[in-house]
Undergrad: 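Below: one structure in structure tokens.
The figures that follow rest on heavy atoms only: side chains count, while hydrogens, waters and symmetry mates do not.
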Amino acid sequence: MKDFISQIECAGTIGITGHIHPDGDCIGSCLGLKQFIAEQYPDKQVDVYLESVGEEFLFLNEAGSVLTEPQDRAYDLFFVLDCSSEDRFEPFQDLVKKAGTVFCIDHHISNQGLGDFCTADPEASATCEVLCDLIPMDKISKACAECLYTGIVHDTGVFKHSNTTKKTMIYAGELLEKGIPHSKIIDETFFQKTYVQNLALGRALLNSRLFCDRQIICSFLSQDEMRQLGAGPADVNGIIDQLRITKGVETAVFMYTLDNGGNKVSMRSNGKVNVAVIAQEFGGGGHILAAGCTVYGSFEETMEALLPKIEEQL
């Protein structure tokens with residue numbers, strides 16, 4: 001905490017970014033950190049850089065001020081949140097490199113110490129939980145608490161994933177005491193789906209296939225399918241979790257094609273398979289039970305590359 005506070009106090013201009021295709025924890029941690037700094041150090045200039053924020057998260061304070069394009073600025077301090085490697089914040093790499101000091105806050109086991117300062121706790125359920133370690137609870141406002149609670153909810157699957165600990169629940173309880181609308185946050189950002197999201201899920205389920213005695217389920221959405229549905233990356237976030245809870249399945253894999261031609265691969269495990277190890281082999285990372293990477297080639301080629309790695313652990 002000492003380095004965290006001292007670096008903020010020494011900086012006049014501060015940038016914050018997170019990983020590509022930002023999820024609830026990435027968005028919550030970035031906005032929660034900005035909220036804390038803006039309230040406690042109003043003389044600081046603080047900017048958040050992320051790809052487009054999903055509509056369901058726009059109720060969070062400062063969500064409307066997120067910058068989606070790099071600016072020609074050199075910040076005194078740049079926070080990189082929820083990222084274990086430079087390629088995960090690729091759109092804003094140059095901005096981070098130009099900063100005087102880089103401070104990484106993360107909870108991915110694949111983080112080897114990114115930045116000049118790095119606080120990475122693989123035992124934490126979410127980067128928002130790590131921020132609860134760093135920010136004194138009496139300095140967390142209701143607006144900041146909404147952001148941090150949102151991140152914890154999303155990375156724990158509403159407190160049902162194995163990364164949920166006693167510490168997670170204690171922090172969640174303390175955030176609740178700030179008066180946040182916790183039911184609204186859970187319903188409207190986690191469970192509620194748009195019509196397009198439901199269509200994308202339905203198409204992905206139709207595309208799914210079972211392998212290895214029905215222990216592995218794989219699915220995909222092509223660029224053409226995404227275009228036909230009017231779906232973007234934010235519309236497919238929940239598909240992998242629906243695949244994971246298929247009865248008898250140990251590991252789920254979902255992928256879709258990125259604009260650069262690579263396949264964005266998400267993997268989930270129900271316990272037997274360490275998907276983080278597999279993701280790292282392909283230049284990605286994550287957690288033991290939830291990880292991702294980008295693999296180039298057709299969907300068939302990608303599955304042929306991934307399946308043997310998963311089968312080795314079953």
Undergrad: I'd like to know if the side chain of Glu225 pairs up with that of Asn207 as donor and acceptor (distance under 3.5 Å, no hydrogens or angles considered).
TA: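 A pair is found: one side chain offers a donor N or O, the other an acceptor, under 3.5 Å apart.
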
Undergrad: Return yes if some donor-acceptor pair links the side-chain N/O of Asn270 with the main-chain N/O of Arg244 below 3.5 Å, else return no.
TA: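 Between the backbone of Arg244 and the side chain of Asn270 there is a qualifying donor-acceptor contact (under 3.5 Å).
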
Undergrad: How close do Ser269 and Val275 get, heavy atom to heavy atom, and via which atoms?
TA: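 Here Ser269 and Val275 meet closest at CB-CG1, 4.0 Å.
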
Undergrad: Over all heavy atoms of both residues, which pair between Phe92 and Glu51 is shortest? Give the atoms and the distance, please.
TA: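 So the minimum-distance heavy-atom pair works out to CE1-N, 4.1 Å.
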
Undergrad: Does any N or O in the side chain of Glu177 come within less than 3.5 Å of the main-chain N or O of Glu174, such that one atom is a donor and the other an acceptor?
TA: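 No; zero donor-acceptor contacts below 3.5 Å.
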
Undergrad: Between Lys272 and Gln313 (side chain of the first, backbone of the second, donor and acceptor by atom type, cut-off under 3.5 Å), is there such a pair?
TA: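 Such a contact is absent between Lys272 side chain and Gln313 backbone.
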
Undergrad: Is a side-chain donor or acceptor of Asn263 paired with a backbone partner of Val265 at a separation under 3.5 angstrom?
TA: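 Checked: no pair found.
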
Undergrad: Regarding Asp133 and Lys167, does a basic nitrogen lie under 4.0 Å from an acidic carboxylate oxygen?
TA: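 A salt bridge links Asp133 with Lys167.
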
Undergrad: Does a side chain donor of either Ser141 or Glu39 reach within less than 3.5 Å of an acceptor in the other side chain?
TA: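 Result is yes, a qualifying pair exists.
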
Undergrad: Asp76 side chain to Ala11 main-chain N or O, any donor-acceptor pair under 3.5 Å?
TA: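 No: the side chain of Asp76 does not pair with the backbone of Ala11.
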
Undergrad: Whether Asp82 and Arg88 form a salt bridge (side-chain N of Lys/Arg under 4.0 Å from carboxylate O of Asp/Glu) is what I want to check.
TA: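 Salt bridge: no.
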
Undergrad: Could you check whether any side-chain N or O of Glu129 sits under 3.5 Å from a backbone N or O of Ser125, counting only pairs where one atom can act as donor and the other as acceptor?
TA: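 Yes, Glu129 side chain to Ser125 backbone: donor-acceptor pair under 3.5 Å.
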
Undergrad: Any side-chain to backbone donor/acceptor pair from Thr246 onto Val249? Under 3.5 Å, distance only.
TA: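 It does not hold such a pair.
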
Undergrad: Quick one about Ser65 and Glu62 (side-chain donor to acceptor, distance below 3.5 Å, no hydrogens or angles considered), yes or no?
TA: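 Per modelled atom types, Glu62 and Ser65 side chains form a pair under 3.5 Å.
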
Undergrad: Does the pair Arg209/Glu300 count as a salt bridge with the N-to-O cut at 4.0 Å?
TA: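 The answer is yes: the pair qualifies as a salt bridge.
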
Undergrad: So, Phe57 versus His154, ring centres under 6.0 angstrom or not?
TA: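 When the ring centroids of Phe57 and His154 are compared, they turn out to be within the sub-6.0 Å range.
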
Undergrad: For Asp106 and His108, test the side chains for any donor-to-acceptor distance below 3.5 angstrom and give the result as yes or no.
TA: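 The answer is yes; a qualifying pair exists.
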
Undergrad: Check for me whether the distance between the ring centres of Tyr75 and Phe78 falls short of 6.0 Å.
TA: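 Yes, they do, as the ring centres are separated by less than 6.0 Å.
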
Undergrad: For a quick test of reading the model, state the closest non-hydrogen atom pair linking Gln280 to Gly285 and the distance between them.
TA: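 Answer, listing the atom of Gln280 first, then Gly285: CG-CA, 4.3 Å.
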
Undergrad: Is there a path from Ile245 to Leu289 through hydrophobic residues (I, L, V, M, F, W, Y) whose side chains come within less than 4.5 Å of each other?
TA: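 No, Ile245 does not connect to Leu289 through the hydrophobic network.
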
Undergrad: Going by an N to O cut-off under 4.0 Å, is there a salt bridge joining Lys98 and Asp72?
TA: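 Between Asp72 and Lys98 there is a salt bridge, with a charged N closer than 4.0 Å to a carboxylate O.
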
Undergrad: Are Leu67 and Arg73 side-chain neighbours, meaning at least one heavy-atom pair lies under 4.5 Å?
TA: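 Sidechains of Arg73 and Leu67: in contact.
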
Undergrad: Test your reading of the model: is there a side-chain donor-acceptor pair from Asp3 to the backbone of Phe117, 3.5 Å cut-off?
TA: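 Here the side-chain-to-backbone pair does not exist.
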
Undergrad: Within the 3.5 Å criterion, strictly below it, is a donor on Ser29 or Thr127 matched to an acceptor on the partner's side chain?
TA: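 The answer is no; no qualifying pair exists.
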
Undergrad: What pair of heavy atoms forms the shortest contact from Cys83 to Gly18, and how long is it?
TA: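 Smallest heavy-atom distance, with atoms named: SG-C, 3.6 Å.
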
Undergrad: Tell me whether the count of non-hydrogen atoms from other residues, nucleotides or ligands lying under 6.0 Å of NZ in Lys184 goes above 12.
TA: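 Open.
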
Undergrad: Which atom names give the shortest non-hydrogen contact between Cys128 and Leu148, and what distance separates them?
TA: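 Distance-wise, the nearest heavy atoms are CB-O, 3.4 Å.
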
Undergrad: Please give me the minimum heavy-atom distance between Ser219 and Leu243, naming the atom from each residue.
TA: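 Closest approach of Ser219 to Leu243, heavy atoms only: CB-CD1, 4.0 Å.
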
Undergrad: Check whether the side chains of His107 and Asp155 place a donor and an acceptor atom closer than 3.5 Å, and report yes or no.
TA: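 Looking only at side-chain atoms, Asp155 and His107 do form a donor-acceptor pair, the distance falling under 3.5 Å.
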
Undergrad: So, do Thr257 and Phe299 sit near enough that their side-chain heavy atoms are less than 4.5 Å apart?
TA: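 Yes, at least one pair of side-chain atoms sits under 4.5 Å.
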
Undergrad: Within the structure provided, determine whether Lys178 and Glu146 are in side-chain contact (heavy-atom separation under 4.5 Å).
TA: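 Lys178 does not reach Glu146 side chain to side chain.
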
